[in-house]
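We number each residue from 1, following the sequence as shown.
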Amino acid sequence: MSLPRRTFIKNTTIGVAGLSLSGLVSQSIFAAPTTYTFLHSLPETEGIASSAILQFINAAEKSNLGLHSLMVLRNGKIVAQGWWDPYKPELRHMMFSLSKSFTSTAIGFAVSEGLLTVEDKITSFFPNELPATISPYLQQMQVKHLLTMTTGHDRDTSRTMRGNNQPWTKTFLSLPIQHEPGTFFLYNSGATYMQSAIITKLTGKTVLNYLTPRLFKPLEIKGADWEVSPQGINTGAYGLRIKTEDIAKLGLLYLQNGIWKGKRVLNADWVDKATTYKVPNALLQGTDKSPDWHQGYGYNFWRCQHNFFRGDGAMGQYCLVSRDLNTVIAITAETANMQSILDAVWDNLLPGIKPSALPADPVNQSALKKKLASLTLLPQQTGLGKNTQAAISGKIFKLVNNVININEASFTFNKNSCTFILKEGAYEHKVICGTENWIKGETIIPNSPPNLVLGNNKATLRTKVAAAGVWADDKTYVITLQYFETPHSDTITCVFDNNTVNIKFVNSMSVKSPGFRESRPALQGIAV
């Protein structure tokens, strides 16, 4: 039988709070995870103060910047790494625009193999999808304009492409171009999709398949997948799913000018061109308060303050690289203010990076170790709500008619969890919420509501979830659903009063993503 369009959750395993932290050689105080190909070292050995890393983490948490993972590499070695439970080192994470840096890397391989040049005209790749009248600006558009976000469009073309029934490439080519290519910067995910489409046109392979032997296999990036358009072309601009470690690997490859473990993987000339200033840039979010969005743009890489360059994605996904400091910093997060994460790096971590090794600092090394091992997003228990919990446990609440057709709700508490059930007709949506830990499961996220996943790739619709509940006060029980292979979460607030319940849904994107609105209604019910 087919699944209802609402969220289905299948409970699987119980998560453990706390994460192992970055490892080292045998004399290290850290225990090295066995899955990594990186070498490991103490921060001070590589010239980074443990206190600076600790200060960055504390500042990010104090400012509620929503960090999910962090890896810091110096001189090619991991000096610190941590994941905020339920995020884990072995789990893939859905990338937004950080995917773009991987797509431009594919163009780099194609250029080095003589398949194209950055001066090639876009019209030459898609002769059968061109509009009846080719405008002068479309005729001028070259591959380098796709790479530098200077196609000349006034607005991002991707939304129109996704909403059209014709091939995305054909839609892109049909849209009006308001500015001469190369003269006007506009962040345009459709331009990166076109890069992906060009790779597929030239090679007969998706970008994912094209990159596998050239990039993913040499760097030991395993298990990656990538969202596709209805035409089977990788979306390019977003939708890549990889581990935090894989973000760091891309950064280290570019830091090392295309060399990996002593072997040439990517052309050094391409690395230089991709990561150096090509065009001035600005974004709608780029104001005087967002200086890192005004440092210039390369080939799907941003320039940063302090002579860093970066790949980045919405919500705070970063691959920060400094050749001057021989440093790579990989971050995943969910935040409404991406500049704030960069500011926290510049203000707290950057001053602790020195030219050479530092004296041992066992006190701060120990404090950093403890901090990294205890990172978690688990809500803190309050000890409240005991009387209400006893009164409502196991009761059925009949719900008022609503547009999502949920007719019943129930809450059954035991010592360490709460089983929360919503009924849609005869179908049960069940979540088991941990009290002292996350309880993990799987969910199928429908396109609407909530629209957590861009595009239409079925592989991204079945999503891992971790659930936990806490009493915010004596009458309010708050459930958190953390979709830990995406940046996102749901908060379900349940208020009990005089045998009634009011249930309100809030998706994190409605708080942290401009333009996203929570579409699920509040539910009201009475105990029977």
Less than 4.5 Å apart, any side-chain heavy atom of His153 and any of Met141?
yes
Side-chain ion pair, Glu245 and Lys222, N-O less than 4.0 Å:
no
Quick one, Glu334 with Ser508, criterion side chain to side chain donor-acceptor pair (under 3.5 Å). Give me CA distance, side-chain angles, the key distance, then yes/no.
CA-CA 8 Å; Glu334 185 180 33; Ser508 59; 2.7 Å; yes
For Leu320 and Cys304, which heavy atoms make the closest approach, and how far apart are they?
CD2-SG, 4.2 Å
Between Phe516 and Ser510, the two heavy atoms sitting closest are CD2-N, 3.3 Å
So, are Arg241 and Asp246 salt-bridged, with charged N and O less than 4.0 Å apart?
no
Give a yes or no answer on whether the side chain of Gln256 reaches the backbone of Gly258 with a donor-acceptor pair at less than 3.5 Å.
no
If you define the side chain from C-beta out and look only at heavy atoms, does anything of Leu377 sit under 4.5 Å from Thr480?
no
Between Val143 and Ile122 the two heavy atoms that sit nearest each other are N-CD1, 3.6 Å
Side-chain ion pair, Lys144 and Asp120, N-O less than 4.0 Å:
no
Check whether NZ of the Lys or CZ of the Arg Arg310 lies under 6.0 Å from the centre of the six-membered ring of Trp293 and within 45 degrees of that ring's axis.
yes
Can you check whether Gln142's main-chain N or O pairs, donor with acceptor, with His145's side chain at less than 3.5 Å?
yes
For Phe216 and Phe102, take the angle between the two ring planes, folded into 0 to 90°, and tell me which bin it lands in: parallel under 30, tilted 30 to 60, perpendicular over 60.
tilted
Between Asp324 and Asn307, which heavy-atom pair has the shortest distance, and what is it?
OD2-ND2, 2.9 Å
Check the orientation of Tyr297 and Trp302. Use parallel for under 30°, tilted for 30 to 60°, and perpendicular for over 60°.
perpendicular
Could you tell me whether the side chain of Asn507 and the main chain of Ser489 form a donor-acceptor pair under 3.5 Å?
yes
Is the backbone N or O of Thr486 less than 3.5 Å from a side-chain atom of Tyr87, with the two atoms forming a donor-acceptor pair by type?
yes
Are Lys100 and Tyr299 in a cation-pi setup, meaning NZ or CZ lies under 6.0 angstrom from the ring centre and within 45 degrees of the ring axis?
no
Distance-only, no hydrogens or angles: does the Ser99 side chain make a donor-acceptor pair with backbone N or O of Leu240 under 3.5 Å?
yes
Side chains of Met95 and Tyr238, heavy atoms from C-beta outward: is any pair under 4.5 Å?
no
Side-chain heavy-atom pair Leu73, Met71 within 4.5 angstrom cut-off:
yes
Salt bridge flag under 4.0 Å for residues Glu90 and Lys243
no
Could you measure the distance from the OG1 atom of Thr206 to the CD1 atom of Ile199? Nearest 0.5 Å is fine.
10.5 Å
For residues Ile353 and Arg74, determine if any side-chain heavy atom of one lies less than 4.5 Å from a side-chain heavy atom of the other.
yes
Interatomic spacing from CG in Asn209 to CG in Asn234 - rounded to 0.5 Å:
7.5 Å
Pairs flagged by side-chain hydrogen bond (donor to acceptor under 3.5 Å, both in side chains) wherever residues 101-114 is involved - sequence neighbours left out:
Thr105-Tyr254, Glu113-Tyr210, Glu113-Arg214
